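Heads up, the thing below is written out as structure tokens.
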Amino acid sequence: MALIMVALITRLALTAKPNIVHVMLDDVGQDNYGFLNGVTKSPAIDSLREEGLLLTNFYVHKWCSPTRASLMTGRQALHHGLDLQPYPLPEQYIGVNKSYVFLPELLKTAGYHTAMLGKWHLGWFEQRYTPCGRGFDTYFGYLSGDENYTSHFKWPMYRGEGFPQLPYITDLFNNTGPAFGNPYNGTYSTFMYANEMEKILANASKNDSPLYLYIALQSTHSPYMYVDEYFDKYPNLAADGMQRRMHSMISAADDVVGKLIAGLKVTYNLWNNTIVILHSDNGAPEASSPGHPATQTNCGGSAYPYRGQKFTTWEGGTHTPAIISGGWLPQTCIGKMADGIIHVTDWYRTFAQLAGVSEDVMQKADSSGPYPIDGFTALNHIQSCGATPATRNETLYHYASDTDGALRVGDWKMLMGTQSWPKYCWTPNYTNPQSDGQCITPKGQPNPCPPGKPCLFNLRIDPYEHNNIASENPDVVKQLMTRFLEWGKTSCSKSHPNSKCLDSATPEQVTMINQLAEEKLFLTPLSNS
């Protein structure tokens, strides 16, 4: 009887921990959701917003890899090494420092089953740098940054060091090895991940362990491929336009979210003890692809009403809506907004606190790797629906050098260096079906930041970065500059090859990786050395 009671208590303790389901979209703009623009058909995502809490000051990095590495490590980009391009070596030859404790490793110490679907993009030259090597119990997806949505070939084609281009290399990975035979050849990736997600939820419903599921969807990253059934939902938009492609790709991703909600609520009865988090990895791109170059009238994605897009430190490249939903969320938070500053690094401590990770484990994670954890927990801010102030008061957008980067402290934001793409790209009300968007430079100024001088904005008064007020606030500029330079002193990326943060393949391993790609026609990591 005593053993039965112990087992029962253990089961109750485990199931009391919430399932954590994290959906990360790819390259979706600030205004590319139906609940914000009234045009995109995204009913599932809209329902998450209606039943959830909207984080209005949530920040990510300005492109893919840094955001994903910051999620996994809790470290800012200048502390994990995937912050400067080009990398010291192509992505197939590098990996984030192995001594860092990745998020799924952390959650497993609290009894979680960990599963991942979709885009990895964190290096994979050996097995130990792949998702299952970094703490995920199961993984199905692609290791690189982009691929064909249906053939699952690497896109653009594989390029190796001193090696010819290989146009037909499949990038599809199943747990610890390539998915030989490509069982989903011809299947649009969002449908593929919906199928695999169903298996994970079914298993979770039979398992005593709480679930951490990270779904890193391909949509809406290039190449801009769509399915007719979603494309046909937008007959009023130009058939050859990027805007219509973008909407249809978001609608396809929304179907995956719809199946997720149905699985959690109805099929597997997991909703009441689940927290769902959804956001993009960065802002929308300038929508350039073969046959659709980025121009002032071809935006596709929408950053409305913010300045800038992907690859920029303007708000349009880094400031993205984040939705918190699920039965775990207090009923009092439904439909509300929380405006505290939260950064993607903060999910590391927030999820750990949700999971009940021990203080001893957190201390070990904090001391792992070259730098301590940068993220804060946002749990109290979220549970109070934003009433409790967020712990964070600043966010580092990017640090490239002492004269190139951006920092926010409180309401103040300072930018340094040449700021690319200083336009506003959107189509207000999407009223012109023959236009892919409007990219304008207000007041005829090509860039509000003068060369060689910092640019300053008060985001509370001027959230869309119209007016540079650096000259009127020299003391504020000085304070932010001091803080920015303090961050810079800790950068591991001032000079490549990022020896403190990134691990990399030896020349011999580079040759072996290329040979495996040519032999197997799959992206294939090496066995652990």
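Starting from 1, each residue takes its place in the sequence as its number. No experiment lies behind these values; they were computed from the predicted model shown.
- Under the 4.0 Å criterion applied to side-chain N and carboxylate O atoms, Glu486 and Lys489 are not assigned as salt-bridge partners.
- Taking the six-membered ring for Trp and the full ring otherwise, Tyr212 and Tyr112 have centroids separated by 6.0 Å or more.
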Using a 3.5 Å cut-off and no angle test, enumerate the donor-acceptor pairs between side-chain atoms of residues 248-259 and protein atoms at least two apart in sequence or in another chain.
unit_1: Ser248; atom_1: OG; unit_2: Arg244; atom_2: O; d: 3.3
unit_1: Ser248; atom_1: OG; unit_2: Arg245; atom_2: O; d: 2.8
unit_1: Ser251; atom_1: OG; unit_2: Lys41; atom_2: O; d: 2.8
unit_1: Ser251; atom_1: OG; unit_2: Tyr234; atom_2: OH; d: 2.6
unit_1: Ser251; atom_1: OG; unit_2: His247; atom_2: O; d: 3.2
unit_1: Asp254; atom_1: OD1; unit_2: Ala44; atom_2: N; d: 3.1
unit_1: Asp254; atom_1: OD1; unit_2: Ile45; atom_2: N; d: 2.7
unit_1: Asp254; atom_1: OD2; unit_2: Ala44; atom_2: N; d: 3.1
unit_1: Asp255; atom_1: OD2; unit_2: Tyr230; atom_2: OH; d: 2.5

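- For the pair Lys413 and Tyr397, the cation sits on the ring face: its NZ or CZ lies under 6.0 Å from the ring centre, inside 45° of the axis.
- Each of Thr67, Leu502, Thr73 was checked for a side-chain contact (heavy atoms from CB on, under 4.5 Å) with Leu82, and the lone residue meeting it is Leu502.
- For the salt bridge (Lys or Arg N to Asp or Glu O under 4.0 Å) test, no residue two or more places apart in sequence or in another chain qualifies with Asp46.
- Using a 4.0 Å cut-off between a side-chain N of Lys or Arg and a carboxylate O of Asp or Glu, Lys119 and Asp146 do not qualify as a salt bridge.
- Here the options are Arg75, His343, His80, the test is side-chain contact (heavy atoms from CB on, under 4.5 Å), and the partner is Asp374; only Arg75 passes.
- Listed by first and then second residue, the salt bridge (Lys or Arg N to Asp or Glu O under 4.0 Å) pairs involving residues 467-480 amount to none (not counting sequence neighbours).
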Which pairs of donor and acceptor atoms, one on a side chain in residues 320-339, lie under 3.5 Å apart (sequence neighbours left out)?
unit_1: Ser325; atom_1: OG; unit_2: Leu48; atom_2: O; d: 3.4
unit_1: Lys336; atom_1: NZ; unit_2: Thr332; atom_2: O; d: 3.1

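- Among residue pairs with one or both ends in residues 380-396, those qualifying as salt bridge (Lys or Arg N to Asp or Glu O under 4.0 Å) are Asp346-Arg392, Glu394-Arg483; sequence neighbours excluded.
- The salt bridge (Lys or Arg N to Asp or Glu O under 4.0 Å) check on Arg134 picks up nothing, with sequence neighbours excluded.
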